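All values derive from a computational prediction rather than experimental measurement.
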Amino acid sequence: MECTVWNKVIIFLLFQVPDVALCSEQDTGGWGLDSSLADEGSCNIDIRDATTITHTQFLEEYAYTKPVILRGLTDNTKFRFLCSKPSLLREYRDKTVRLSTANTHSYRKVDVRFEEFVTSLLTPQSEDTLGSDTLYFFGDNNFTEWHSLFEKYNAPPYSLPHTSPAYSFGIAGPGTGVPFHWHGPGYSEVIYGRKRWLLYPPDQAPEFHPNHTTLHWISHSYPNLEKHNTPLECTIRPGEVLYFPDRWWHATLNLDTSVFISTFLG
């Protein structure tokens, strides 16, 4: 992207965020895309622009029935700059983050300095790596530690009745992800990079090995699926928000080094 596209934004943010990254880093936030994966897969999930769907329509058409990708729902330009690699390292390098194993039944937890995670552990993953051998940063962060960052995030405004939001922030390398699992409803937004999603309704549990990675499943199981058993799927990019209903099975694959945040509605 040409630096001139960012001129107005940068002029504003120079007064809001110190040490803004150089123009050469604007697209990736300094996280880099050197080891990105090319296959984005297909997209068979509805994509709606925020100007074409009201909160009422969201509740009637998607909230309890099927996933949807929403574009232009919020403006998180400032949050995106705060999530650049230089900015996060400057603010949180000495903070402790809790990593978990990237399998369906994650029990192992490891605490490391944020700088160590970024410089040593944030690496591409191969398809033969087991989930139990992959340390994943998502969801176990201390809210107190990240509170100042979360304050700058504009969460999706479409809420569900009788629920309240909880944030989970994550950073992961290419080829990483979590295998199929399910929980309550929520949103996922990509801040940097691309994230591929695969989803099945509650009554259609996918066949998978809980300790094999999503990359392994896509390489070995996905090509052999019968047409009636293929998932809903799509790759989301910065500025897009994916909503998934309650108890829907889902797996994710980070195609690039990705920064992302989920809003769980509990």
A.B. asks: So, the side chain of T230 versus the backbone of K227: is there a donor-acceptor pair under 3.5 Å, distance only?
C.D. replies: yes
A.B. asks: Hey, does the side chain of Y200 reach the backbone of N229 with a donor-acceptor pair shorter than 3.5 angstrom?
C.D. replies: yes
A.B. asks: Mind checking whether F264 and V178 sit in one hydrophobic cluster, side chains of I, L, V, M, F, W, Y counted as touching below 4.5 Å?
C.D. replies: yes
A.B. asks: Should P245 and T65 count as side-chain neighbours, where that means a heavy-atom distance under 4.5 Å?
C.D. replies: no
A.B. asks: Looking at H55 and S159, what are the two nearest heavy atoms and their distance?
C.D. replies: NE2-O, 2.9 Å
A.B. asks: For the pair Q204 (side chain) and P201 (backbone), establish whether a donor and an acceptor sit closer than 3.5 Å, ignoring hydrogens and angles.
C.D. replies: no
A.B. asks: If you count every heavy atom of other residues, nucleotides or ligands that lies below 6.0 Å from R108 atom CZ, does the total exceed 12?
C.D. replies: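 Counting other residues, nucleotides and ligands, CZ of R108 stays at 12 neighbours or fewer.
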A.B. asks: With rounding to the nearest 0.5 angstrom, report the CG to CG distance, L37 to D256.
C.D. replies: 7.5 Å
A.B. asks: Once you round to the nearest 0.5 Å, how far does OG of S219 lie from CD of E127?
C.D. replies: 4.0 Å
A.B. asks: Quick one: are R194 and S36 in side-chain contact, heavy atoms under 4.5 Å?
C.D. replies: yes
A.B. asks: Determine whether F180 and T214 satisfy the following criterion, side-chain contact (heavy atoms from CB on, under 4.5 Å), listing intermediate values before the conclusion.
C.D. replies: CA-CA 8 Å; F180 284 105; T214 303; over 6 Å; no
A.B. asks: Do Y192 and F114 sit in the same hydrophobic cluster, where Ile, Leu, Val, Met, Phe, Trp and Tyr count as joined when their side-chain heavy atoms come under 4.5 Å apart?
C.D. replies: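 Yes; tracing contacts between hydrophobic side chains, which count when under 4.5 Å, links both residues.
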A.B. asks: How far apart are the C-alpha atoms of L122 and W31, what are their side-chain angles, what is the distance that settles it, and do they pass the side-chain contact (heavy atoms from CB on, under 4.5 Å) test?
C.D. replies: CA-CA 10 Å; L122 190 62; W31 295 106; 3.7 Å; yes
A.B. asks: Are I171 and I191 linked, directly or through intermediate hydrophobic residues, by side-chain heavy-atom contacts shorter than 4.5 Å (ILVMFWY only)?
C.D. replies: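 The answer is yes; both residues are in one hydrophobic cluster.
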A.B. asks: When you measure from the side chain of H181 to the backbone of H250, do you find a donor-acceptor pair of N or O atoms at a distance under 3.5 Å?
C.D. replies: yes
A.B. asks: State, with a plain yes or no, whether a side-chain heavy atom of I261 is found less than 4.5 Å away from one of F150.
C.D. replies: yes
A.B. asks: Taking the side chain as every heavy atom from C-beta outward, state whether P210 and N103 have any atom pair closer than 4.5 Å.
C.D. replies: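 They are not in side-chain contact.
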A.B. asks: Centre-to-centre under 6.0 Å for Y187 and Y158, is that the case here?
C.D. replies: no
A.B. asks: State, yes or no, whether a side-chain contact exists between V190 and E240 at a heavy-atom distance under 4.5 Å.
C.D. replies: no
A.B. asks: Report yes or no: does Q125 contribute a side-chain atom to a donor-acceptor pair with the main-chain N or O of G175 at less than 3.5 Å?
C.D. replies: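 Side chain of Q125 to backbone of G175: a pair is present.
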A.B. asks: Rounded to the nearest 0.5 Å, what separation is found between the CG atom of L242 and the CG atom of L199?
C.D. replies: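 Atom-to-atom, L242:CG and L199:CG are 6.0 Å apart.
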A.B. asks: Would you confirm whether the ring centroid of Y167 sits within less than 6.0 angstrom of the ring centroid of Y153?
C.D. replies: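 Centroid distance Y153-Y167: below 6.0 Å, so yes.
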A.B. asks: Hey, what do you get for CG (L99) to OG1 (T134), rounding to the nearest 0.5 Å?
C.D. replies: 11.5 Å
A.B. asks: In Å and rounded to the nearest 0.5 Å, what is the NZ to NE2 distance from K152 to H147?
C.D. replies: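 Result: 8.5 Å between the selected atoms.
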A.B. asks: Are the side chain of S168 and the backbone N or O of S262 linked by a donor-acceptor pair below 3.5 Å?
C.D. replies: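 No, because the side chain of S168 does not come within donor-acceptor range (under 3.5 Å) of the backbone of S262.
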A.B. asks: Let's go through W248 and L232 carefully: what are the C-alpha distance in whole Å and the side-chain angles of both, what is the deciding distance for side-chain contact (heavy atoms from CB on, under 4.5 Å) to 0.1 Å, and is it a yes or a no?
C.D. replies: CA-CA 11 Å; W248 271 64; L232 288 179; 3.7 Å; yes
A.B. asks: Hydrophobic cluster membership, with links at side-chain heavy-atom distances under 4.5 Å among I/L/V/M/F/W/Y: are L265 and V68 in one?
C.D. replies: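 Result: yes, single cluster for both.
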A.B. asks: To the closest 0.5 Å, what do you measure between CZ (R98) and CG (L135)?
C.D. replies: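 Rounded to the nearest 0.5 Å, the CZ-CG separation comes to 12.5 Å.
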A.B. asks: Counting only heavy atoms not in E151, do more than 12 fall under 6.0 Å of its CD?
C.D. replies: yes
A.B. asks: What is the minimum heavy-atom distance between S132 and N211, and which atoms define it?
C.D. replies: N-OD1, 2.8 Å
A.B. asks: Shortest non-hydrogen contact from G29 to P86?
C.D. replies: O-CD, 3.5 Å
A.B. asks: Could you tell me whether the side chain of W249 reaches within less than 4.5 Å of the side chain of P231, counting heavy atoms only?
C.D. replies: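 Side chain of P231 against side chain of W249, heavy atoms only: no contact under 4.5 Å found.
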A.B. asks: Is D246 close to P185 at the side-chain level, that is, under 4.5 Å between some pair of heavy atoms?
C.D. replies: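 Answer yes - side chains close enough.
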A.B. asks: Evaluate the side-chain proximity of L215 to S126: yes if any heavy-atom separation is below 4.5 Å, no if none is.
C.D. replies: no
A.B. asks: Under 6.0 Å between the ring centres of W217 and F208?
C.D. replies: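 No; F208 has its ring centre 6.0 Å or more from that of W217.
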A.B. asks: Less than 6.0 angstrom separating the ring centers of W197 and F244, yes or no?
C.D. replies: yes
A.B. asks: Donor-acceptor pair, R196 side chain versus T235 backbone, under 3.5 Å?
C.D. replies: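 No, R196 side chain to T235 backbone: no donor-acceptor pair under 3.5 Å.
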A.B. asks: Checking T176 against T129 for the side-chain contact (heavy atoms from CB on, under 4.5 Å) test, could you report, in this order, the C-alpha distance in whole Å, the side-chain angles of both residues, the deciding distance, and whether it holds?
C.D. replies: CA-CA 10 Å; T176 63; T129 304; over 6 Å; no
A.B. asks: Would a distance-only check, ignoring hydrogens and angles, find a side-chain to backbone donor-acceptor pair under 3.5 Å from S84 to R80?
C.D. replies: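 Flag not set: sc S84 to bb R80 has no pair under 3.5 Å.
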A.B. asks: Is it the case that the side chain of T52 and the backbone of R48 share a donor-acceptor pair, with hydrogens and angles ignored and the cut-off at 3.5 Å?
C.D. replies: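 Between the backbone of R48 and the side chain of T52 there is no qualifying donor-acceptor contact (under 3.5 Å).
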A.B. asks: Taking D39 for the side chain and G41 for the main chain, is one N or O donor matched with an acceptor at less than 3.5 Å?
C.D. replies: yes
A.B. asks: Are I47 and I45 linked, directly or through intermediate hydrophobic residues, by side-chain heavy-atom contacts shorter than 4.5 Å (ILVMFWY only)?
C.D. replies: yes
A.B. asks: Search all heavy atoms of F117 against all heavy atoms of V112 and return the closest pair with its distance.
C.D. replies: CB-CG2, 3.9 Å
A.B. asks: Looking at every heavy atom in both V241 and E189, which two are closest together, and how far apart are they?
C.D. replies: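 Closest heavy-atom pair between V241 and E189: CG2-OE1, 3.7 Å.
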A.B. asks: Less than 3.5 Å apart, any donor N or O on the side chain of E233 or Y222 sitting next to an acceptor on the other?
C.D. replies: yes
A.B. asks: Please find the pair of heavy atoms, one from P179 and one from H212, that lie closest to each other, and give the distance.
C.D. replies: CB-O, 3.7 Å
